[in-house]
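Reading through the C-alpha cells given below for one structure.
Residue indices begin at 1 and follow the sequence shown. We count ligands from 1, going down the list as the structure has it; atoms in each ligand are counted the same way.
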Amino acid sequence: MTLARPPIHPSLADRSVLTLRHHSAESIAAVLDLAAALKTSPRPWPQWLAGRVIGMIFEKPSTRTRVSFEVAVARLGGTAMTMSPADMQIGRGETIEDTAKVLSRFLDAIVIRSASHERVDELARHATVPVVNGLTPLHHPCQALADTMTLVERFGSLRGLPVTYLGDGNNCFNSLAVLAAHTGMALVCATPEAYAPDPELVAWADETARAKGGSVSAVRDPIEAARGARAIYTDVWVSMGDEAEHEARVAALGSYQANAQLLRHAADDAVVLHPLPAHYGMEITHEVAHGAQSALWDEAENRMHAQAALLVHLLPPLAAD
Ligand code: CP
Ligand code: NVA
C-alpha cells in the first residue's frame with residue numbers, strides 16, 4: 001500500500017527545531033507516527049523531499065546523526081550536503097547572521113551540530129528556512145525523537161511509563177525530559193549533585209508531564225531510581241567538549257553505571273537505551289549494551305526514521321508536487 005503524505009502540521013511546517021519544548025505534543029506524535037509508518041514502508045520510499053536540498057554543518061564529530069540524516073534525505077528523494085565549518089568562511093570570521101541569510105537563499109533546511117547552543121539559536125533567528133539542532137551541549141532533540149520512538153515500539157503507550165536516566169544530566173537527558181513531558185513518561189534522572197540537570201527544565205517537564213499522567217524528577221540514588229523501571233537510559237559521562245573534566249567526571253559518576261547488577265533492580269522486561277557512542281566499562285558495560293535487554297541498535301536505526309519523518313513535516317510539498 002502506498003504511504004499517504006500526512007497533513008501539514010502548523011506547529012512544524014517551516015519551523016526550526018532547537019529543543020522541541022515549544023512544539024505541541026500532537027505535532028511530536030505526528031512525527032512519531034510517520035516515523036513508524038516509514039520504518040515498515042518498503043523501498044523506494046515516497047519522494048517527498050524531491051527537489052529539496054538540506055545543508056548540514058558539523059562543528060563536532062558524528063557518525064549516527066550525519067549518516068542517518070544523509071540516508072533519510074536520500075531515501076526521500078532529496079539531497080543532503082555536509083559542510084565543515086573549517087572549510088566555510090564562518091571559520092574565518094564570517095558572522096552567523098550573514099551565513100544564515102546566505103544559506104537560506106540556497107537551502108531548504110539547515111541541520112547544525114554545534115559546540116554552542118546560543119550559536120544555533122542565532123542561526124535559527126536569522127535563517128528563513130528551518131534549522132534543526134543536530135546536538136548542542138544543551139539539547140539533542142533528534143536523539144530524543146528516536147529514543148521515544150524506540151520506547152513506543154517496545155511498550156506502546158508511554159503514559160506513566162517508568163523510565164530511569166542515569167549519569168550526567170546532559171543534552172540527551174534534557175531532550176528526553178522534553179519528550180517525557182510531551183508523552184507523559186514517568187522519568188527519573190539519577191545523577192550526582194554536580195551533574196544534576198537544570199531545575200527549571202525539570203520543573204517545567206514535570207508540570208507538563210503531570211497533565212498526561214507522567215512526572216519528571218531528579219534524584220541522587222541510582223539504585224532507588226532504577227527500581228521497577230521499564231527502561232534504563234544512560235549516556236557518556238564525558239560529552240564532547242567536557243574532556244578537560246574527564247577525571248573528575250569518572251570519579252563522581254562511577255556508581256551510575258548501567259550494568260547487570262543495576263539492571264536486576266529494574267522490571268524484568270526493562271530495556272536499555274544509550275544514544276551511542278558508548279564507552280564500555282564506564283557508563284555502560286559491553287555485556288548490557290549487547291545483551292538481551294539492549295534496545296541500543298533499534299534506537300540507533302530509529303534516528304533515520306525519526307529524522308526522515310521530521311523533515312517531511314518541516315518541509316511541506318513544493319508547489320509542483
Ligand atoms: N547519538 C549521536 O548523536 O551519535 P553521533 O555523535 O554519532 O551523531
Ligand atoms: N552527550 C553526548 C552525546 C553524544 C551523542 C555528547 O554531547 O557528546
Side-chain angles (χ1 to χ4, degrees), residues 17-20 35 54-73 80 82-85 110-120 132-151 165-179 189-192 194-198 201 231-246 248-250 252-253 256-258 272-280 282-284 289 294-308 310-311:
V17 172
L18 304 191
T19 70
L20 289 174
I54 287 83
M56 305 202 291
I57 302 171
F58 281 90
E59 291 179 7
K60 291 175 167 184
S62 168
T63 298
R64 280 142 290 268
T65 306
R66 176 181 169 166
V67 176
S68 57
F69 263 115
E70 288 197 4
V71 174
V73 172
T82 296
M83 299 168 280
S84 153
I110 303 167
V111 175
I112 178 165
R113 167 167 290 194
S114 177
S116 155
H117 192 84
E118 293 67 34
R119 203 149 49 233
V120 176
V132 178
N133 176 0
L135 180 147
T136 66
L138 287 187
H139 282 275
H140 197 0
C142 296
Q143 180 66 52
L145 284 173
D147 302 337
T148 306
M149 177 179 175
T150 309
L151 290 171
Y165 178 98
L166 294 176
D168 181 21
N170 63 15
N171 46 8
C172 287
F173 170 75
N174 290 342
S175 289
L176 185 67
V178 171
L179 271 281
C189 177
T191 70
Y195 301 108
D198 176 5
L201 174 76
I232 299 285
Y233 190 125
T234 191
D235 183 23
V236 291
W237 292 341
V238 185
S239 284
M240 293 180 276
D242 290 337
E243 290 79 3
E245 299 171 16
H246 187 281
R249 286 173 166 273
V250 173
L253 287 155
Y256 292 81
Q257 187 185 66
V272 177
L273 296 170
H274 186 307
L276 297 170
H279 293 80
Y280 296 126
M282 290 176 62
E283 78 278 359
I284 193 166
S294 169
L296 270 63
W297 318 106
D298 289 343
E299 182 187 9
E301 176 188 336
N302 287 341
R303 295 292 306 275
M304 177 179 62
H305 304 297
Q307 289 152 205
L310 180 67
L311 288 174

When you measure from the side chain of [X] to the backbone N and O of [Y], does any donor-acceptor pair fall under 3.5 Å?
X	Y	result
Gln143	Cys172	no
Arg113	Gly134	yes
Glu245	Val238	no
Asn171	Thr136	yes
Trp297	Ala289	yes

Quiz item: Can you find a side-chain donor-acceptor pair between Thr150 and Asn302 that sits under 3.5 Å?
Solution: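 Yes, because at least one side-chain N or O of Thr150 sits under 3.5 Å from a partner of the opposite role on Asn302.
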
Exercise. May I ask you to check whether Glu283 and Thr234 show a side-chain donor-acceptor distance below 3.5 Å?
Key: no

Quiz item: Less than 3.5 Å between some nitrogen or oxygen of His140 and one of ligand 2, yes or no?
Solution: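 By distance alone, the answer is no.
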
Exercise. Please say whether Ser239 places an N or O atom under 3.5 Å from an N or O atom belonging to ligand 2.
Key: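 Right, the criterion is met.
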
Exercise. Quick one: pull up OG1 in Thr19 and NE2 in His140 and give me the separation to the nearest 0.5 Å.
Key: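 Thr19 OG1 to His140 NE2: 14.0 Å, rounded to 0.5 Å.
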
So is there a nitrogen or oxygen of [X] less than 3.5 Å from a nitrogen or oxygen in ligand 1?
X	answer
Pro275	yes
Leu276	yes
Gln143	yes

Quiz item: Does at least one non-hydrogen atom of Leu276 fall below 4.0 angstrom from an atom of ligand 2?
Solution: yes

[atom]: which protein heavy atom is closest, and how many Å away?
atom	result
atom 7 (O) of ligand 1	Thr63 N, 2.6 Å
atom 8 (O) of ligand 2	Met240 N, 2.8 Å
atom 3 (O) of ligand 1	His140 NE2, 2.8 Å
atom 7 (O) of ligand 2	Asn171 ND2, 2.8 Å

Quiz prompt | For Leu135, the ligand 2 atoms whose distance to one of its heavy atoms is below 4.0 Å | solution = 3 (C), 4 (C), 5 (C), 7 (O)

Self-check item: ligand 2 atoms in contact with Val236 (distance to a heavy atom under 4.0 Å)
Solution: 1 (N), 2 (C)

Practice problem: Only heavy atoms count here, so choose which of Val238, Thr63, Asp235 is nearest to atom 1 (N) of ligand 2. | Solution: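 The option holding the nearest heavy atom is Asp235.
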
Quiz item: Given Arg113, Arg303, Arg64, which one has a non-hydrogen atom that is nearest to atom 6 (O) of ligand 1?
Solution: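 It is Arg113 whose heavy atom sits nearest to atom 6 (O) of ligand 1.
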
Practice problem: Looking only at non-hydrogen atoms, find the nearest pair between Lys60 and Ala115 and report the distance. | Solution: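 Smallest interatomic distance, heavy atoms only, reads CE-CA, 3.6 Å.
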
